[in-house]
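Numbered from 1 within each chain, the chains take letters A, B, ... in sequence-line order. This structure is a prediction, so every number in the text was calculated from the model and none was measured.
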Amino acid sequence: MDYQLEIASLISDLTSIPIDRLQFLIKEPTKGVDTDYSINWFALKSHIKKDGNQIADELEQNLQKITGKHHFIHTVSRVGPYINFKLNDHHVFQELRNQIDTQFNKFVHSGFPDLKKLTVVIEYPAQNTNKPLHLGHVRNMILGQTLASLHIFAGNSVHQVNLMNDKGVHICKSMLAYKRWGKGTTPEKRNMKSDHFVGKYYVTYGKHELKLREEVANEIKQLDEEKKKPLKEQDSEKIHRLDIVIQQSKYGKLIQNLNDLLLKWENGDPDVRKIWNKMNSWAKNGFEETYKVFDIQHEKVYLESDIYDKGREIVLDGVQKEHFIQLEDGAIIARFNKKGLPKEKVLLRRDGTTLYITQDLYLANQKLKDYNFDESIYVIGNEQDMQLRILFELLAILGFTGNNVHYSYGMINLKSGKMKSREGTVVDADNVVHDIKALSLEEVKNRYKDLSESEMSYRARVIAMAALRFFILKYEYSRDFVFDLEESISFEGETGVYLLYVYARICSIFTKGLEQGIPVPYSPNEDKMNDWTHESIPEEISTPEHNLLILLSKYPITLSTTCTTLKPHILCRYLLELAQSFNNFYHECPILKEEGTLRDFRLSICELVRKVMKHGLQIIKIDVITEM
RNA sequence: GGAUCCGUUGCCCAGCCAGGAUAAGGCACCGGACUUCUAAUCCGGUGAUCGCAGGUUCGAAUCCUGCCGGAUCCGCCA
């Protein structure tokens with residue numbers, strides 16, 4: 001039961017203030033105030049033309065009449081400008097108790113409004129095939145995957161797809177370096193993960209280019225400055241001279257080689273295609289290994305090399321329909337007249353070749369054809385906000401049906417600054433997983449000396465992935481954050497490990513209970529629900545118990561909010577609060593040492609927390625373990 | 001220069017959409033709790049001009065305006 005909504009409903013009946021307005025006015029109290037929900041009657045004044053005090057008096061009196069021993073509101077009281085509501089523990093517990101057996105699925109969905117089920121396409125992480133995945137991709141993958149999970153939970157039909165950027169100048173850079181310095185070696189011969197092998201050559205190229213560029217840095221700078229001047233003031237002779245110097249430098253020749261390679265690829269040169277195929281398959285095989293670690297599965301992968309040239313017809317058709325404009329030199333552009341958008345955007349080059357945006361137009365249509373979606377989500381970093389705005393605007397101009405959403409997440413920066421893959425200053429996805437696993441294995445070994453190797457590494461793996469996933473998801477997705485392996489991946493405090501620990505603790509209580517012949521709701525070893533029909537509740541409920549009950553009752557609405565806002569951090573914050581609240585309860589309230597109703601009541605609370613914790617973690621794709 | 005986002009304690013981070021009680025957590029630091037259901041834990045403490053200045057309001061971290069500081073974007077690149 002959503003008590004916040006119920007209270008809003010009660011007040012709505014008494015005041016005829018619309019309930020959808022009232023539910024935002026019912027607040028959870030700040031720390032230290034002994035109440036469960038409250039409303040400030042000042043906030044009601046703008047809705048009823050009465051004296052505030054009078055409103056509060058009437059409300060309080062009327063509410064007093066209906067609340068009481070059997071009502072879900074136990075007490076109503078006035079403190080200053082607030083009307084406070086304390087819920088009835090018995091009522092809350094009885095409501096929750098139903099889910100211990102068979103109603104759990106109904107319970108977790110009970111916060112959802114009855115909406116039409118949607119078909120949703122989620123595209124991520126759209127990486128390039130020139131280098132291995134890095135921490136930015138990790139955030140992308142984990143967010144994309146979690147979005148899918150949230151939509152599936154909400155009952156929507158989800159299609160997870162990827163766009164593999166497997167052609168273009170970036171992969172040519174790796175190819176060029178490999179051709180020049182690779183000497184035909186392979187990842188196997190070098191004993192390297194194959195995508196790292198490809199990435200090595202990308203970095204080699206980047207460093208080489210940077211070195212050569214320095215030789216003509218001065219000329220490039222001068223050229224840039226000259227070109228920045230208004231057209232009339234430009235010294236065309238100087239520009240020409242600088243151009244020649246740059247072109248004839250080693251740097252210029254390298255760039256020329258790169259462009260030649262790209263052109264050869266476009267023309268289908270067999271030798272170039274052969275090496276391209278080889279390097280791409282190395283890259284893709286490497287990605288597959290990493291995907292396995294993160295359990296990433298795509299229903300379909302669109303390849304840029306397949307579709308880069310498509311979308312031309314859409315653009316030409318757009319010209320026919322006078323949406324776009326063909327310039328004298330042959331280029332096709334779109335003009336915008338909207339704040340925040342550029343004046344114009346080129347859609348086809350003057351030589352008729354396509355651009356990335358051309359392909360985007362095609363892919364948006366193709367996804368609609370393939371899935372007839374209601375919503376298409378692009379999980380892409382916020383540095384591409386403008387590109388996506390332009391794309392969506394173009395689609396709108398073309399009368400595109402279907403809702404496009406840019407899930408714009410923030411960048412991960414390092415203490416040392418921004419991650420730059422061409423300079424090799426990135427946190428590699430595989431390495432970061434490896435490091436966290438090593439860290440958690442050490443912790444497991446410290447605690448258990450006599451576990452089997454496989455059990456130890458299993459636990460270490462679950463713990464490590466929990467730590468990493470939760471670390472990414474606990475931040476509001478749109479915000480940038482700074483990553484530092486030492487400080488960021490901790491197993492203490494607000495971490496995934498903290499949540500796992502609560503789960504393991506509860507399991508441990510149940511295991512101990514079973515050993516002592518005490519009936520418990522759940523058997524961790526067999527992963528089995530027991531016959532558990534406990535219904536009674538002690539006369540006196542302690543504060544930790546009360547807090548847990550209230551918190552548990554908020555789970556459905558938390559899930560619903562998380563799903564409708566697509567903000568996983570809301571669920572993460574809830575689970576942390578639940579874990580804190582449980583740990584407080586754990587230390588304050590003995591369980592197995594008690595007897596009768598009190599023991600059973602507390603065991604029931606444990607089971608509720610266990611179930612909600614497991615469910616919540618499942619939603620964010622974190623596995624649990626029963627012992628740690 | 002223009003556009004978008006951001007600025008909350010020594011550090012990290014929630015709250016802002018929908019204004020209301022003493023600004024919530026975590027890290028670090030200080031003190032306390034393991035012969036008692038797992039101390040990867042708990043309890044207590046120190047620590048905040050919510051970037052600055054105005055405005056609206058009975059009331060502003062939250063809304064509005066201006067300023068300062070930071071990030072990103074503004075390619076016939078991807």
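For the pair A:Arg610 and A:Tyr522, the cation-pi criterion (under 6.0 Å, within 45° of the ring axis) is fulfilled.
The side chain of A:Tyr501 lies closest to B:U41 when the candidates are B:U41, B:A3, B:U72.
Between A:Ile39 atom CD1 and B:A21 atom P there is a gap of 14 Å when expressed in whole angstrom units.
Remark: aromatic rings of A:Tyr477 and A:Tyr407 are close, center separation under 6.0 Å. A centroid separation of 6.0 Å or more is found between the aromatic rings of A:Phe601 and A:Trp532. Ring centroids of A:Phe582 and A:Phe585 are separated by less than 6.0 Å, placing the two rings close together.
Positionally, the nearest nucleotide of RNA chain B for A:Ile570 lies more toward the 5' end than for the other of A:Ile570 and A:Lys593.
Comparing the C1' positions of B:U46 and B:G32 gives a spacing of 15 Å, expressed to the nearest Å.
A donor-acceptor contact under 3.5 Å is formed by the side chain of A:Arg447 with the base of B:A40.
Note on ring orientation: taking the six-membered ring where Trp is involved, the planes of A:Phe481 and A:Tyr475 are parallel (angle under 30°, cut-offs 30° and 60°).
Under the Watson-Crick and G-U wobble criteria, each requiring two contacts below 3.5 Å, nucleotide B:G7 is paired to B:C68.
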Along nucleotides 59-71 of chain B, 5' to 3', which nucleotides get a B, which get an S, and which get a -, given that the test is a protein heavy-atom distance under 4.0 Å? ------------S
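Contact between the side-chain N/O atoms of A:Tyr498 and the OP1/OP2 oxygens of B:C42 is found at a separation under 4.0 Å.
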